[in-house]
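Since the structure comes first, as structure tokens, the remarks are kept for the end.
Computed from a predicted model, the values in this text were never measured in an experiment. Order of listing sets the numbers, starting from 1, for every ligand and every atom in it.
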Amino acid sequence: MTTPLVQRFADRTAFVEAAAADLVDRMADAIAARGTCRIALGGGSTPRPVFERTAAADLSTRIDWTRVHIFFGDERCVPPDHEASNYRMADQALVARLGSKNKPHVHRIDGELPPPEAARAYAAELGDAPLDVVLLGMGNDGHTASLFPGRPEAGERSARVVAARGPNAPVERVSLTLRAINEARAVRFWVTGEDKAERIVQVFREIESGAPALPAAQVQPTSGDLVWFLDDAAAARL
Ligand code: 6PG
């Protein structure tokens with residue numbers, strides 16, 4: 001039986017501060033250990049304020065971003081300038097705010113391609129080396145990345161990247177699989193808001209029972225460390 005490791009914060013500000021500081025620490029550890037950091041950024045809306053905080057000089061200058069390879073945990077199959085693009089959100093909130101001489105290598109999922117083709121191209125770019133850091137969110141249905149409950153790709157354990165489908169537009173997606181996520185050296189869930197509180201209880205119960213069914217509950221890194229960063233609203237029913 002495993003008990004999820006949780007860091008809980010009284011409000012959104014404290015959550016953002018802690019998540020950004022932890023992110024920079026994990027990236028600095030990877031660069032110190034291996035000379036580079038391969039990180040998969042999370043999508044949706046929760047990461048935006050944390051990326052903006054990370055881009056602030058007091059944190060961002062702790063990282064040699066030229067040694068960082070940015071990947072994405074998932075992407076909606078839309079152009080990079082589309083409002084739903086996870087790439088666009090990360091570029092606006094983080095990459096574009098970094099100094100011109102301190103830019104990371106960004107490996108975008110090509111949302112304009114047909115999903116299977118985009119997944120093949122991204123898998124080739126991602127390669128077989130484990131990611132150092134994977135940042136995840138959780139939907140209130142228990143999905144993570146673009147692995148949705150009941151979808152066949154959520155059960156994929158040989159490929160590291162899959163074409164996926166979500167219940168709401170943009171339906172077509174590309175996502176890391178649980179294999180790629182669970183191979184990572186450090187995995188972080190960033191979950192906030194009261195609307196996630198009930199599902200957090202179910203996910204934690206599934207983890208503790210040893211019978212994880214929801215995709216978010218199946219994130220159990222083989223050897224990497226996993227920490228759930230929650231604000232009090234999301235943790236309210238624990
Ligand atoms: C996506 C994300 C997805 C997200 C959750 C939570 O592309 O939508 O990768 O897994 O993390 O849906 O989204 P919010 O942070 O917007 O609640």
*Is the ring centre of Phe9 less than 6.0 Å from the ring centre of Phe229?*
yes
*same_hphob_cluster(Phe148, Leu176) at 4.5 Å side-chain heavy-atom cutoff*: no
_Quick one, Glu75 with Arg108, criterion salt bridge (charged side-chain N to carboxylate O under 4.0 Å, His left out). Give me CA distance, side-chain angles, the key distance, then yes/no._
CA-CA 9 Å; Glu75 184 58 279; Arg108 187 173 69 84; over 6 Å; no
*Contacts of type side-chain contact (heavy atoms from CB on, under 4.5 Å), residue Glu198, not counting sequence neighbours*: Arg237
*Below 4.0 Å from any atom of ligand 1, which residues have a heavy atom? Give them in chain and number order, please.*
Gly43, Gly44, Ser45, Thr46, Asp74, Arg76, Asn86, Gly137, Met138, Gly139, His143, Thr144, Ala145, Arg173, Lys196
In a table with atom names and distances, give each donor-acceptor pair under 3.5 Å that connects a side chain of residues 165-173 to protein atoms at least two apart or in another chain.
residue : atom : partner : partner atom : Å
Arg173  : NE   : Pro170  : O            : 2.9
Arg173  : NH1  : Ser146  : OG           : 2.9

Table please: side-chain donor-acceptor pairs of residues 116-126 below 3.5 Å, with sequence neighbours left out.
residue : atom : partner : partner atom : Å
Tyr122  : OH   : Phe72   : N            : 2.7
Tyr122  : OH   : Phe72   : O            : 2.7
Glu125  : OE2  : His107  : ND1          : 2.7

